[in-house]
Amino acid sequence: MLEARHLTKRYGTTTALEALTLTVSPGEVFCLLGANGAGKTTTINLFLNFVDPSEGQALVNGVDVTRAPLESKRHLAYIPETVMLYRNLTGLENLEYFAALAGSTDLSRGSLLKVLERVGLPADAADRRVGGYSKGMRQKVGIAIAVAKGARALLLDEPTSGLDPKASNEFSELLRQVSGDGVAVLMATHDLFRAKESGTRVGIMKRGRLVALHGTDEFSHADLERLYLEHMHD
Amino acid sequence: MLARIIRHEWQMLKADAVLWVIVAIVGSAIAYGVWNGTRWVHFQEGAIEAARSEERVRFDRLTAQLEKVAAGERVSPFADPRSPSNLGSRLAAKVAVLPPAPLGALTVGQSDLLPSYVRVSTESREAVLASTEVESPLRLLTGRFDLAFVVVYLVPLLVLALAYSMVSGEKEQGTLSMVLAQPVSLGTLVAAKVVVRAAALLVIIVGLGLGTLLMTGVSLADAATRERLLWWVASVAAYMGLWFAIALVGVSLGRGSAATATLLAGLWLLLVVIVPSALTLGVQQLYPVPSRVALVQATRVASDEANAQGARLLAAYYEDHPELATGDAEQAMTDFNVVRLAVNDDIEKRVRPVVAQFDEQLSSQQALVERFRVLSPALVVYEALSDLSGSGQQRHRHFVSQVSGFHDEWRRFFTQKVVAKTPVADLSSLPTFTYSEEPSSALRARMMATLATLLVPAVLLGGLAFIRLRRYAIAG
Amino acid sequence: MIGTIARKELTELSRDGRFRLLAAVILVLAVASTAAGWLQFTAVSRQHAEAQRETREQWLGQQEKNPHSAAHYGVYAFKPASHLSIVDTGLDPYLGVAVWLEAHRQSEMKFRPAQDRTAIQRFGELNGAEVLLVLVPLFILLVTFPVFAGEREQGTLRQLMSLGVAPRLLVAGKALGTLAAVALVIVPVSALAAVAMAWASADSYLAADVSRTVALGATCLVYFLVVTGVGLAVSAWAPSSRVALVTLLGFWFATSLVAPRIATDVAGSLHPTPNAAEFQRALDADLSDPEEARQRLARLQAETLTKYNVTSLDALPVAFSGLSLQSGEDHGNEVFDRHFGRLHDQFSNQARVYQWAGLASPLLAARSLSMALAGTDFEQHRHFAKAAEAYRRDIQRTLNDDIARNQRAGQPYLAGTELWSRVPDFTYDAPSIGWVLGRQATALTVLAGWLTLAGALALLATRRLSATLG
Ligand SMILES: Nc1ncnc2c1ncn2[C@@H]1O[C@H](COP(=O)(O)OP(=O)(O)O)[C@@H](O)[C@H]1O
Ligand SMILES: [Mg+2]
């Protein structure tokens with residue numbers, strides 16, 4: 001569903017991402033690990049066509065995102081560290097707007113409310129302005145957008161940073177549900193525990209390179225941490 | 001899709017206090033501007049009426065005197081109501097009026113500086129045209145708060161205020177990447193934003209402007225007035241369009257909101273304040289118009305010389321105007337009034353080169369202004385708005401040329417009578433002046449040129465901005 | 001401490017490309033406008049001095065004629081340009097430059113330079129005062145808006161306050177830094193303008209001009225302080241630098257472009273003037289009332305006969321025509337004083353409203369002072385017009401006295417050069433700076449009030465600073 005081919009991004013002399021080759025299939029949750037500045041956000045931005053690749057290609061559902069940026073985004077959903085919404089609109093209105101932009105046809109209040117309910121947004125919150133939402137609620141609206149849109153690939157950039165453990169847990173649970181529906185998930189994260197829990201594969205990045213690639217069932221949580229720290233040394 | 005974003009943008013704009021602050025500001029500014037312009041037009045009408053009434057009173061008195069003289073009363077030769085010389089130079093001088101145009105209340109323009117009527121007599125053309133209205137010099141210096149001021153100065157600022165953070169605001173707020181993660185291009189998003197803002201502003205300005213104008217009692221019965229109003233709307237829309245394009249270029253540079261605002265404020269200052277005043281300075285330096293003091297002195301010297309030559313000039317005058325030497329030339333040679341004609345003619349001939357210098361320098365200035373006007377859209381639109389209100393240089397020049405024609409006719413009429421010593425018995429036989437409006441085709445041509453001057457750069461800059469937007473740094 | 005803060009502000013500013021660009025633009029405009037002002041001043045002074053000399057020569061060169069003919073021949077008085085009109089042309093373009101002084105009539109000054117210009121002049125003239133009072137304040141506002149708001153956004157303000165810097169010192173340091181930046185731009189321009197003025201008037205740089213120049217400089221400085229205070233206060237108060245910027249731009253627009261227009265409108269409504277035709281009609285009605293003239297002459301005749309103790313005009317030792325001419329002048333003078341006095345009073349009143357309007361916009365007070373110090377306000381125009389009119393009345397009296405003394409009934413009387421040269425040349429002394437400032441008391445008070453207010457606002461800002469760190 002998501003595919004990177006020799007994907008490279010250079011900013012002047014710094015190489016943010018070097019020849020990344022990667023495939024994320026439907027139903028898979030791929031976790032990108034790595035220190036700050038390793039190139040995780042760059043990877044996600046490349047898939048979103050927010051930045052142009054210096055070399056290589058990013059493909060979504062087999063189409064090159066630079067060639068067909070709008071077509072590729074029809075299948076994508078994006079959840080940044082904090083899902084930013086229009087403060088003056090209610091959660092429902094925000095969802096309606098984004099879903100409309102995404103090209104969804106069923107924008108009835110009933111079905112949108114159902115989506116919000118499914119992602120676990122408290123019932124009374126849907127009609128409140130998002131100005132007062134907590135971060136956890138915002139992330140849920142983010143997932144709701146993905147669901148309403150019927151996205152087939154999900155790009156997440158440190159979505160659980162700063163969430164309290166309960167909210168973080170709920171979020172991971174949602175993620176598992178979504179991927180169970182056959183969505184390909186690419187998630188940048190620092191949370192090794194969550195990566196082990198909800199991921200199917202992990203990739204460790206270092207200075208723009210993917211230096212390790214493993215299935216999460218290959219080791220325990222402690223092994224993963226050791227592996228990670230080993231790569232971070234030197 | 002575009003429609004959906006437009007709806008959303010309108011919703012956001014509605015919820016934003018900025019729009020309502022703008023509505024309040026624009027609303028009061030427009031109402032005040034139109035009201036103020038209307039007051040000015042009333043003042044002008046009052047002044048014209050006062051001048052006309054002075055003329056009426058004078059003519060009534062003249063008629064009464066003529067009757068008395070006809071009945072055998074004796075009068076001094078200097079007050080003789082039959083003397084063509086007295087009538088032409090003073091007693092029967094006629095007021096030539098440039099009436100305020102139907103849309104005069106929209107732009108005061110130059111109408112507070114240039115006279116709206118002159119008193120035509122056999123005096124020199126310069127003396128006839130040199131009349132001035134009593135007006136506070138402070139007000140002349142600051143200019144008036146009319147609708148044109150609102151359009152020229154305030155509207156661009158409002159455009160910039162609405163547009164500067166269109167994209168950077170969403171980026172700073174974090175929603176930009178959320179929106180662009182959907183199958184929507186930045187170009188579409190920006191286009192929708194511009195459409196909403198431009199439409200809102202245009203509706204506010206045109207709606208309130210026309211609304212207050214109609215409340216002041218302007219009649220739309222005349223097709224020419226309606227056409228002018230349409231041009232007015234088109235010019236304002238084009239001007240706004242150009243400022244949106246300028247704002248877009250600022251936006252497309254991808255800087256933060258505060259930086260974009262500073263940049264756009266600087267551009268506003270440059271185009272609306274600095275370029276016009278620098279251009280004024282420039283044309284005055286390149287083609288300095290001599291001080292009128294020079295003209296005063298030249299006239300003085302010429303009249304000293306002419307007066308000294310007196311009767312000798314008359315002979316020369318008859319050589320130049322053989323057609324006039326029909327009557328009793330012998331007698332005419334000693335006649336005070338005929339000598340004066342010849343002397344005045346000579347003075348004018350001597351002063352003409354100095355006068356020509358003024359006209360020449362001024363038209364060189366004007367030509368330069370016309371060439372460099374494109375440097376500032378404010379100048380372009382100001383000129384157009386004054387033109388449409390009939391308070392600009394164009395209409396006044398048209399008036400002056402008609403007055404010149406009338407002045408010539410007036411002089412011919414009286415010169416013949418002075419030389420032939422034909423008394424005037426019937427005041428209704430004197431030449432009369434009515435201002436005839438310029439053909440609308442000339443206006444139309446100028447307006448097309450104005451629209452082109454505003455829209456071509458608008459399209460080019462807008463295009464440039466949209467091209468640049470493709471490289472807008474959405475992330476980071 | 002203040003010095004350190006100011007130095008840091010200045011260093012930061014001087015590294016900012018926008019600041020450098022803006023400073024360069026202002027510098028260029030100031031130089032260009034001063035140069036143009038200087039050229040204009042020298043041209044006008046030369047023309048007027050020459051014309052004044054010529055008009056005197058023409059007067060003296062009159063052939064033998066009756067004094068009353070000479071009175072009708074008249075002389076012109078040309079308004080001299082003041083040295084400081086190099087920096088502020090003020091109302092000069094909109095006021096006449098010459099007045100014809102002839103028998104029987106007081107005239108308005110004629111030939112407004114503005115009528116010989118293109119329409120774009122209405123966008124404002126670029127002169128030194130415009131740069132100093134309109135552009136420099138904008139520059140100050142653009143420099144001050146991020147001073148606190150920006151530091152708050154960057155988070156450096158918390159840092160600063162945590163170091164124990166007293167808010168008062170911080171505000172003072174920032175104000176000093178801003179003013180130093182302004183000085184970087186202003187000082188070279190002022191020096192240049194001073195040199196230009198000194199050069200333009202190598203032989204006649206009067207002490208009066210020096211004190212006026214110093215006072216003008218002080219006015220600008222006070223105005224800059226006011227603007228700096230407002231800028232710092234808004235920057236401290238605003239929730240973000242964006243809000244600070246928009247607020248300050250709005251302040252600038254309202255005070256510099258909107259307020260002058262509204263102020264002159266209000267002044268015009270409070271103290272309306274008649275239109276030219278009405279003014280003329282009222283004047284003519286009072287001036288040439290035949291009944292009044294008849295009575296006046298009869299009275300004059302009776303009085304003269306009693307005075308000289310004779311029974312018929314022919315027996316008078318003086319020419320009655322001279323007396324009656326002067327009586328006509330006296331009557332006219334009284335009418336002119338009334339009508340022109342009323343009209344000019346209205347203009348003066350309007351100018352006073354403009355000074356009061358300084359309460360709404362400090363620019364108006366500063367503008368009013370600047371025009372007054374430059375000698376280009378209405379009061380000094382009126383001062384000149386009065387001097388010219390007094391001169392006209394002197395001429396008429398001299399000539400009429402001569403007629404009364406020398407004319408013999410039934411004989412033509414011609415006077416010559418001796419009489420013409422008895423009429424002194426017209427000289428005009430501009431009023432002293434005390435006279436000028438006395439008429440600007442309102443503007444001075446208002447500006448002082450603004451300075452206090454700006455100081456208070458800056459102090460409030462210091463309170464606000466510590467309160468808004470959360
Ligand atoms: N717009 C940019 N210009 C220059 N360098 C950038 C830009 N964006 C990211 N980088 C650099 O690219 C590298 C990767 O950054 P990023 O992908 O954001 O890392 P991560 O998300 O893994 O923390 C970093 O060294 C960063 O400094
Ligand atoms: Mg990152």
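Residue numbering restarts at 1 for every chain, and letters A, B, ... go by the order of the sequence lines. Hydrogens, waters and symmetry mates are skipped; everything else that's a heavy atom, side chains included, is used.
With a threshold of 4.5 angstrom between heavy atoms, B:Gln366 approaches chain C through its backbone and through its side chain. Heavy-atom distances place no part of B:Leu263 under 4.5 Å from chain C, backbone and side chain included. Residue C:Pro93 does not touch chain B at all, counting heavy-atom pairs closer than 4.5 Å. For C:Val44, no part lies near chain B; criterion is any non-hydrogen pair under 4.5 Å. Of the atoms belonging to B:Ser303, not a single heavy atom falls under 4.5 Å from chain C. Residue contact with chain B, scored on non-hydrogen atoms closer than 4.5 Å, involves the backbone and the side chain of C:Thr55 alike. Proximity to chain B (any heavy atom under 4.5 Å) is restricted, for C:Val25, to the side chain, taken from C-beta onward. Heavy atoms of B:Ala29 lying under 4.5 Å from chain C are absent altogether. Of the two parts of C:Gln58, only the side chain, counted from C-beta on, holds a non-hydrogen atom closer than 4.5 Å to a non-hydrogen atom of chain B. In this structure, the portion of C:Phe253 lying under 4.5 Å from any heavy atom of chain B is its side chain and not its backbone. Of the atoms belonging to C:Leu257, heavy atoms from both backbone and side chain fall under 4.5 Å from chain B. The contact between B:Gln284 and chain C is made entirely by side chain atoms (from C-beta outward), counting heavy-atom distances below 4.5 Å. Contacts between B:Ala294 and chain C at a heavy-atom distance below 4.5 Å are absent for every atom of the residue. C:Ile120 touches chain B through backbone and side chain together, each having a heavy atom under 4.5 Å away. Interface residue C:Leu135: only side-chain heavy atoms are found under 4.5 Å from chain B.
Interface remark: of the candidates C:His271, C:Glu278, C:Gln115, C:Glu108, C:Gln115 forms the most heavy-atom pairs closer than 4.5 Å to chain B. Contacts with chain B were tallied for C:Glu50, C:Gln47, C:Arg112; C:Arg112 has the most, counting heavy-atom pairs under 4.5 Å.
Contact check on C:Arg122 versus B:Asp112 returns a salt bridge, with a Lys/Arg side-chain nitrogen under 4.0 Å from an Asp/Glu carboxylate oxygen. Comment: B:Arg56 engages B:Glu49 in a salt bridge, judged by a side-chain N to carboxylate O separation of less than 4.0 angstrom.
Separating the OH atom in B:Tyr164 from the CZ atom in C:Arg242 is a distance of 4.0 Å, to the nearest 0.5 Å.
In this structure, B:Arg39 has no salt bridge (Lys or Arg N to Asp or Glu O under 4.0 Å) partners at least two apart in sequence or on a different chain.
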